[in-house]
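Below: one structure, written as structure tokens.
Reckoned from all heavy atoms, side chains included, excluding hydrogens, waters and symmetry mates. In what follows, chains are A, B, ... by sequence order, proteins preceding strands, each numbered from 1. Just so we're clear, the structure is a prediction, and the values are computed from it rather than from any experiment.
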Protein chains: 2
Amino acid sequence: MPVAGILLVEDDPSVRTALELALTRQGHSVTSYATGEEALDHVRSRRPEIAILDVMLPGIDGVEVCRRIRRLDQLPVILLTARGDDLDVVVGLEAGADDYVVKPVEPRVLDARIRAILRRAESATSDRISFGDLVIDRGALKVSLAGKEIHLTPTELRLLLELVRHPGQVLNRRYLLRVVWDHTHVADSRLVDACVQRVRAKIEPRPAEPVFIHTVRGFGYRFSPP
Amino acid sequence: MPVAGILLVEDDPSVRTALELALTRQGHSVTSYATGEEALDHVRSRRPEIAILDVMLPGIDGVEVCRRIRRLDQLPVILLTARGDDLDVVVGLEAGADDYVVKPVEPRVLDARIRAILRRAESATSDRISFGDLVIDRGALKVSLAGKEIHLTPTELRLLLELVRHPGQVLNRRYLLRVVWDHTHVADSRLVDACVQRVRAKIEPRPAEPVFIHTVRGFGYRFSPP
DNA sequence: GTTCCGTGTCATGAAACTGTGACATCTCGC
DNA sequence: GCGAGATGTCACAGTTTCATGACACGGAAC
């Protein structure tokens, strides 16, 4: 795994120092700033591999920094949001963030997310990803199973792609509703379940015993290759 | 450290046997083949955790096997190359190998490389913590003991995660009721105890003498690794 | 208009989960 | 050793959660 050049933006000095220290210990090379302006300069001149932005910043806030970074570069971005601030998540993802992490964050968790995203960014050069018989072509938006092409509807495809984006991770229904469907939906609904069933019916050899999309009772669904 | 399912491909029977024996002794589970074709079949059907490929093979050579494995899966690959053959190394890394080892190889060295790569692969996708034999993956919401996956129900999992979040600290029943259950529960019941008992039954080798979740009489429970 | 497709909702039944309370067992102070 | 209080153990039924299939609605294609 490559040692990453990380750009960290966090205005609280104690949090910033703590994170910088922790990430350095994990083997990353970190540069940190307190404001978005400095960070944007850094992106332009130094080309870091990944940016970690606190959402609440003086001056330009983290989401706006994320948006401007997107205009400059394909740099992966992780947003740090205050606990339970759902709105931030929606806006952040819309601004093009690759992931978000709720503060206070454990260094171990942040490190895991960084590595996952870097790995994802690495493998994103090839638009095709395969899990055994299942091949997903993200460029052509085509899915095939054992060489045979499978037709997925737009919603089904978005759901599958979102699950595949986080292989092995459990994604809960609220998150899926927000990301796969648009913003405001009734929380209590079996909509996600129904869509998962539809995808399973198409990609699972035996939908009753799924090998790709697993149900995690009480939490959500997890994509993990057989 | 997890016991790895290793796929070994080496056409020289004496080298193959020697390596297989050595790796098995180090605690790995090894399957070996003499040709790339058999190996690819194995990857498709059995999903090993890591592949070790000799570069010089009859039929499809090791580098090509590596390339094809890459198309199938994100499986880590170690290439075995003959001494001093620089060209192989470059080609091998281009084919997507994670590491290469020069023959003749000392089992101890090979084992170290294997463990390093597995550790990397492990921490790359998910955040997990381990306490001895007990491994808790908070991203995948999976718990395993001595490599064997353990199924916990939602409440059991929430309880365990809460205890693990505060290792070494005593958490009282009122606190656990509030955090793990929804605050609307009577303080005086055997609820917490029953749930702790259920978790113990699953993760403790000998539930009667717990090594993970300890009872602190009069106060509550404490998670502390053995 | 009609037809077809995509999608959200709902009813149903099966399976899994969980609170409860009775009772057993343990621990500690005496 | 005894007793009281604390904790462990267990079974079971009510509840929750999910899979499944049917259905209705709206929009796009024709």
Side-chain angles (χ1 to χ4, degrees), chain A residues 141 143 150-163 170-174 176-223, chain B residues 141 143 149-163 170-223:
Chain A
L141 296 179
V143 175
I150 287 176
H151 171 73
L152 292 184
T153 69
T155 308
E156 289 162 4
L157 188 59
R158 279 201 309 275
L159 173 64
L160 179 59
L161 287 177
E162 190 55 36
L163 288 166
V170 174
L171 304 183
N172 66 43
R173 294 180 171 70
R174 247 198 20 221
L176 288 170
L177 273 177
R178 269 205 307 262
V179 176
V180 176
W181 286 264
D182 41 9
H183 38 83
T184 45
H185 248 96
V186 224
D188 184 310
S189 118
R190 304 244 67 81
L191 178 53
V192 177
D193 306 51
C195 196
V196 165
Q197 297 328 311
R198 282 167 180 154
V199 176
R200 273 181 182 156
K202 294 181 181 181
I203 71 169
E204 296 281 1
R206 306 185 52 188
E209 295 151 36
V211 288
F212 294 114
I213 304 179
H214 303 272
T215 303
V216 182
R217 187 170 260 264
F219 293 98
Y221 295 94
R222 174 179 53 216
F223 180 91
Chain B
L141 297 180
V143 175
E149 192 175 335
I150 289 176
H151 175 75
L152 293 185
T153 68
T155 308
E156 289 162 5
L157 189 56
R158 280 200 305 274
L159 173 64
L160 179 59
L161 287 175
E162 191 55 38
L163 288 166
V170 179
L171 304 182
N172 65 45
R173 295 181 171 70
R174 234 193 29 236
Y175 172 82
L176 288 170
L177 274 176
R178 207 179 55 232
V179 177
V180 178
W181 286 264
D182 40 12
H183 39 74
T184 52
H185 265 99
V186 244
D188 182 50
S189 78
R190 305 255 58 73
L191 181 49
V192 177
D193 306 58
C195 196
V196 165
Q197 188 280 0
R198 281 169 178 155
V199 175
R200 276 179 179 158
K202 293 182 181 181
I203 70 170
E204 296 282 2
R206 305 186 51 188
E209 296 150 35
V211 285
F212 295 114
I213 304 179
H214 304 272
T215 303
V216 181
R217 197 182 166 80
F219 295 97
Y221 297 94
R222 169 168 48 89
F223 181 91

Every protein N/O lying under 3.5 Å from an N/O of nucleotides 25-30 of chain D:
none

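Between the side chain of B:Glu156 and the backbone N or O of B:Cys195, no donor-acceptor pair lies under 3.5 Å. A donor-acceptor pair under 3.5 Å links the side-chain atoms of A:Gln197 to the main chain of A:Asp193, judged by distance alone. Side-chain atoms of A:Arg222 do not come within 3.5 Å of backbone N or O of A:Val216 as any donor-acceptor pair. A:Glu204 places a side-chain N or O within 3.5 Å of a backbone atom of A:Ile213 that can act as its donor or acceptor partner.
Using a 4.0 Å cut-off, some side-chain N or O of A:His151 falls inside it from OP1 or OP2 of C:dG6. Applying the 4.0 Å criterion to OP1 and OP2 of C:dG8, one finds that A:Trp181 has a side-chain N or O inside that range. Dashed line: the shortest gap from a side-chain N or O of B:Thr155 to OP1 or OP2 of C:dC17 is not under 4.0 Å.
Between A:Arg200 and A:Thr215 the shortest side-chain heavy-atom distance falls below 4.5 Å.
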Protein proximity profile, nucleotides 4-22 of chain D - base contact B, sugar-phosphate-only contact S, no contact -, cut-off 4.0 Å on heavy atoms: -BSBBSSB-----BSSB-B
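Annotation for B:Tyr175: atom OH counts as buried by contact number, over 12 foreign heavy atoms lying within 6.0 Å.
Nearest heavy-atom pair across A:Leu176 and A:Trp181 is O-CE3, 3.5 Å.
Residues forming a side chain to side chain donor-acceptor pair (under 3.5 Å) with A:Thr155 (at least two apart in sequence, or on another chain): none.
Look at CG on A:Leu152: it is 16 Å from P on C:dC5, rounded to the nearest Å. A:Leu159 places its CG atom 11 Å from the P atom of C:dG8, with the value rounded to the nearest Å. Look at CG on A:Leu191: it is 11 Å from P on C:dC10, rounded to the nearest Å.
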